[in-house]
Amino acid sequence: QVQLAESGGGLVQAGGSLRLSCAASGRTFSTYHMGWFRQAPGKERDFVAAISSSGRTTYYADFVKGRFTIARNNAENTVYLQMNSLKPEDTAVYYCGASPQSVYLRQEYDYWGQGTQVTVSS
């Protein structure tokens with residue numbers, strides 16, 4: 001069992017930065033690939049970024065490449081999403097999830113956090 005809790009969301013102006021954190025409970029955190037997804041009102045929950053269980057491999061959606069960076073600290077059971085050069089279209093609720101295998105498909109994730117709101121004003 002893994003419990004996830006996101007933090008770090010907020011209101012920021014376009015061009016600004018935010019750093020999201022996702023704290024995990026449970027001794028099996030380091031065995032899971034971790035991902036960030038986002039969901040805007042009326043839209044699907046979309047893949048944003050993911051990182052392998054070891055932290056050696058990262059994956060990004062095309063629309064965040066070069067702007068967002070995912071990282072994890074297995075000793076502290078935490079995964080991060082550094083978001084730079086934010087745009088109004090990045091506005092969404094951001095969720096972290098834990099997956100035993102696949103990273104791109106949300107249905108492959110076993111656990112989710114409650115989400116954190118990110119709002120980017122123009």
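The structure presented is a predicted model; accordingly, all values stated were derived computationally and were not measured. Position 1 is the first residue of the sequence; numbering continues from there.
- Partners of Tyr95 by ring pair (Phe, Tyr, Trp, His ring centres under 6.0 Å), not counting sequence neighbours: none found.
- Of all non-hydrogen atoms in Tyr111 and Val2, the two that sit nearest each other are CD2-O, 3.3 Å.
- When all heavy atoms of Thr116 and Gly9 are compared, the closest pair comes out as OG1-N, 3.1 Å.
- Between the side chain of Glu6 and the main chain of Gly115, a donor-acceptor pair closer than 3.5 Å is present.
- Linking Ile, Leu, Val, Met, Phe, Trp and Tyr whenever their side-chain heavy atoms come within less than 4.5 Å puts Val120 and Leu18 in one cluster.
- Here the two rings, on Tyr60 and Phe47, have centers that are 6.0 Å apart or farther.
- Relative to the six-membered ring of Tyr80, Arg72 misses at least one condition, a distance below 6.0 Å or an angle of at most 45° to the axis.
- In terms of heavy atoms, Ala92 sits closest to Ala40 at CB-N, 3.9 Å.
- Nearest heavy atom pair, residue Ser17 against residue Asn84, reads OG-OD1, 2.9 Å.
- Neither Val93 nor Val12 shares a network with the other; the hydrophobic side chains, linked directly or stepwise wherever heavy atoms of I, L, V, M, F, W or Y lie under 4.5 Å apart, form separate groups for each.
- In terms of heavy-atom proximity, Arg38 sits nearest to Glu89 at NH2-O, 3.8 Å.
- Pro100 has its side chain within reach of Asp110: a pair of non-hydrogen atoms, C-beta onward, lies under 4.5 Å apart.
- A pairwise comparison of heavy atoms in Ala24 and Phe29 identifies CB-CD1, 3.3 Å as the closest pair.
- Put simply, CG on Asn74 and OG on Ser53 are 7.5 Å apart, with the number rounded to the nearest 0.5 Å.
- For the atom pair Lys65 NZ and Thr58 OG1, the distance stands at 9.5 Å (nearest 0.5 Å).
- Distance CD/Glu44 to CZ/Phe37: 11.5 Å, rounded to 0.5 Å.
- For the pair Arg45 and Trp112, the cation-pi criterion (under 6.0 Å, within 45° of the ring axis) is fulfilled.
- Looking only at atom types and distance, the side chain of Thr78 has no donor-acceptor partner in the side chain of Asn73 under 3.5 Å away.
- Side chain of Tyr109 to backbone of Tyr104: no donor-acceptor contact under 3.5 angstrom is found.
- Distance NE2/His33 to OH/Tyr59: 6.0 Å, rounded to 0.5 Å.
- The backbone N or O of Ser102 lies less than 3.5 Å from a partner atom in the side chain of Ser99, making a donor-acceptor pair.
- Separation of atoms CG (Leu81) and OG1 (Thr69) is listed at 8.0 Å; rounding is to 0.5 Å.
- Of the listed residues (Val64, Asp90, Ile70), just one forms a side chain to side chain contact (heavy atoms under 4.5 Å, CB included) with Val48, and that residue is Val64.
- Here Thr119 pairs with Gln117 under the side chain to side chain donor-acceptor pair (under 3.5 Å) rule; sequence neighbours left out.
- Looking at heavy atoms from C-beta onward, Leu20 lies out of side-chain contact with Val79 at the 4.5 angstrom threshold.
- Note that CZ of Phe63 and CG of Asp46 are 5.5 Å apart. Values are rounded to the nearest 0.5 Å.
- Of the possible donor and acceptor atoms, one in the side chain of Arg67 sits under 3.5 Å from a partner among the backbone N and O of Ser85.
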